[in-house]
Amino acid sequence: MSESATAQESPIIVVNNLIKQFGRFAALRQVNASFEPRRIYAILGDNGAGKTTLIRILAGLNQPTRGSVSVLGSTDLHSVRAQIGYMAHPSLLYDEMSGIENLRYFARLYGIQDDRRCEQAIEAVRLDPKLPRPVGQYSQGMRQRISLARALVNDPKILFLDEPFSNVDSGSAKEMVKLLVQMRDQGKTIFIITHQAALLEGATDEFIWMVTGQITSRTTSLHIAEAR
């Protein structure tokens, strides 16, 4: 756990009685939680537990059916979108474009015209911004890194990452974990959905288990959670 995480601070996100329904299906069922800044949270659970639905609502990408969400002190999530980075499970990259071209496109959506911001985001994930190869020719590990760089291009305070280690070799995944720890230590709050929780043991501040749309356990150790 980071030293900065040990001090008591006001929550960066507060969730009250959150419900999300898709027709008759309740993806989230009265979720109540608060999250402190400058921490790494691993969100775990079986498929259909509500993990992606939860972070999409926290990121302002979906609206709750009922309940409220406060992010960075605001319930108007549109007003804080520039402080949020989101990495979806699908890469959502343009395969015919290079890494820097992909980031330029997404940077413009934030009104960012400075190419140096794009270069810095790519350098932060240990890739070369001058690499001319189209993203369609990248390895899976490189694609995941560029997807992470895209989530970083606006220098957000909060990162939501959905299965960032999917189809990535163990060496690349461990390097990504190191990068995320560095980002946490530099002040970012990071939420990670993953089915590879063991990768985050020793790096995560808190493991959050979800079952059928509810948070059922929050622990500082993966092994404690698994023993419950």
Side-chain angles (χ1 to χ4, degrees), residues 2 4 37-43 52 55-56 59 61 80-205:
S2 65
S4 60
R38 294 187 286 279
R39 294 191 179 190
I40 293 176
Y41 295 96
I43 304 179
T52 296
I55 68 166
R56 284 185 61 84
L61 298 174
V80 296
R81 285 284 293 276
Q83 302 298 323
I84 293 172
Y86 183 81
M87 177 180 172
H89 188 188
S91 65
L92 304 179
L93 297 167
Y94 292 97
D95 285 351
E96 71 279 7
M97 297 164 62
S98 69
I100 191 68
E101 288 170 342
N102 266 276
L103 259 67
R104 281 188 192 127
Y105 172 78
F106 289 105
R108 300 303 184 264
L109 299 180
Y110 287 100
I112 299 169
Q113 304 294 325
D114 184 4
D115 265 11
R116 184 57 191 149
R117 289 278 294 275
C118 301
E119 293 170 358
Q120 288 171 340
I122 294 175
E123 290 167 353
V125 299
R126 308 292 194 269
L127 289 177
D128 183 359
K130 295 183 175 61
L131 188 65
R133 192 190 324 167
V135 166
Q137 296 178 15
Y138 280 15
S139 68
Q140 183 61 25
M142 293 172 69
R143 289 177 66 86
Q144 291 296 84
R145 287 180 184 230
I146 281 292
S147 292
L148 178 57
R150 184 188 61 196
L152 292 170
V153 74
N154 57 316
D155 192 23
K157 291 183 179 178
I158 306 172
L159 274 174
F160 296 101
L161 311 178
D162 195 346
E163 296 289 356
F165 315 121
S166 178
N167 299 316
V168 175
D169 66 85
S170 61
S172 295
K174 289 176 182 176
E175 281 298 311
M176 288 183 72
V177 171
K178 289 180 182 178
L179 288 172
L180 295 173
V181 169
Q182 290 173 8
M183 292 174 194
R184 184 271 315 274
D185 292 345
Q186 291 166 1
K188 297 189 187 303
T189 305
I190 304 172
F191 293 80
I192 306 169
I193 292 175
T194 183
H195 284 93
Q196 297 163 275
L199 285 168
L200 294 168
E201 185 67 64
T204 297
D205 295 284

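From a predicted model like this one, the values you see are computed outputs, not experimental measurements.
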Between atom [atom1] of [X] and atom [atom2] of [Y], what is the distance when rounded to the nearest 0.5 Å?
X      : Y      : atom1 : atom2 : answer
Leu161 : Gln144 : CG    : CD    : 10.0 Å
Leu159 : Lys188 : CG    : NZ    : 6.0 Å
Arg39  : Ile190 : CZ    : CD1   : 13.5 Å
Thr194 : Leu199 : OG1   : CG    : 6.5 Å
Ser170 : Glu175 : OG    : CD    : 11.0 Å
Gln120 : Asp115 : CD    : CG    : 11.0 Å

Nearest non-hydrogen partners of [X] and [Y], listed with the distance:
X      : Y      : result
Leu148 : Met176 : CD2-CE, 4.3 Å
Asn167 : Gln140 : O-CG, 3.0 Å
Tyr94  : Val135 : O-CB, 4.1 Å
Pro37  : Thr189 : CA-OG1, 3.2 Å
Ile122 : Asp128 : CG2-C, 3.9 Å
Ser98  : Pro132 : CB-O, 3.9 Å

- Would you check if the distance from the ring center of Phe160 to the ring center of Tyr86 is below 6.0 Å?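 Not under 6.0 Å, so no.
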Validation row: [X], [Y] side chains within 4.5 angstrom (heavy atoms):
X      : Y      : value
Met87  : Ile193 : no
Arg108 : Gln113 : yes
Met142 : Gln137 : no
Phe165 : Leu200 : yes
Lys178 : Arg126 : no
Leu152 : Met183 : yes
Gln83  : Ile158 : no
Leu61  : Ile55  : no

- Message: Please determine whether side-chain contact (heavy atoms from CB on, under 4.5 Å) holds for the pair Val153 and Cys118, giving the CA-CA distance in whole Å, both sets of side-chain angles, and the decisive distance to 0.1 Å.
- Response: CA-CA 6 Å; Val153 74; Cys118 301; 4.1 Å; yes
- Begin with the C-alpha distance, continue with both residues' side-chain angles, and end with the deciding distance and a verdict on side-chain contact (heavy atoms from CB on, under 4.5 Å) for Leu93 and Arg150. CA-CA 9 Å; Leu93 297 167; Arg150 184 188 61 196; 3.9 Å; yes
- Task: Would you mind checking if Arg104 and Glu101 are paired as a salt bridge, meaning a charged N to carboxylate O distance below 4.0 Å?
- Result: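 Arg104 and Glu101: not salt-bridged.
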- Is Asp169 salt-bridged to Lys174, going by a charged N under 4.0 Å from an acidic O?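 No, Asp169 and Lys174 are not salt-bridged.
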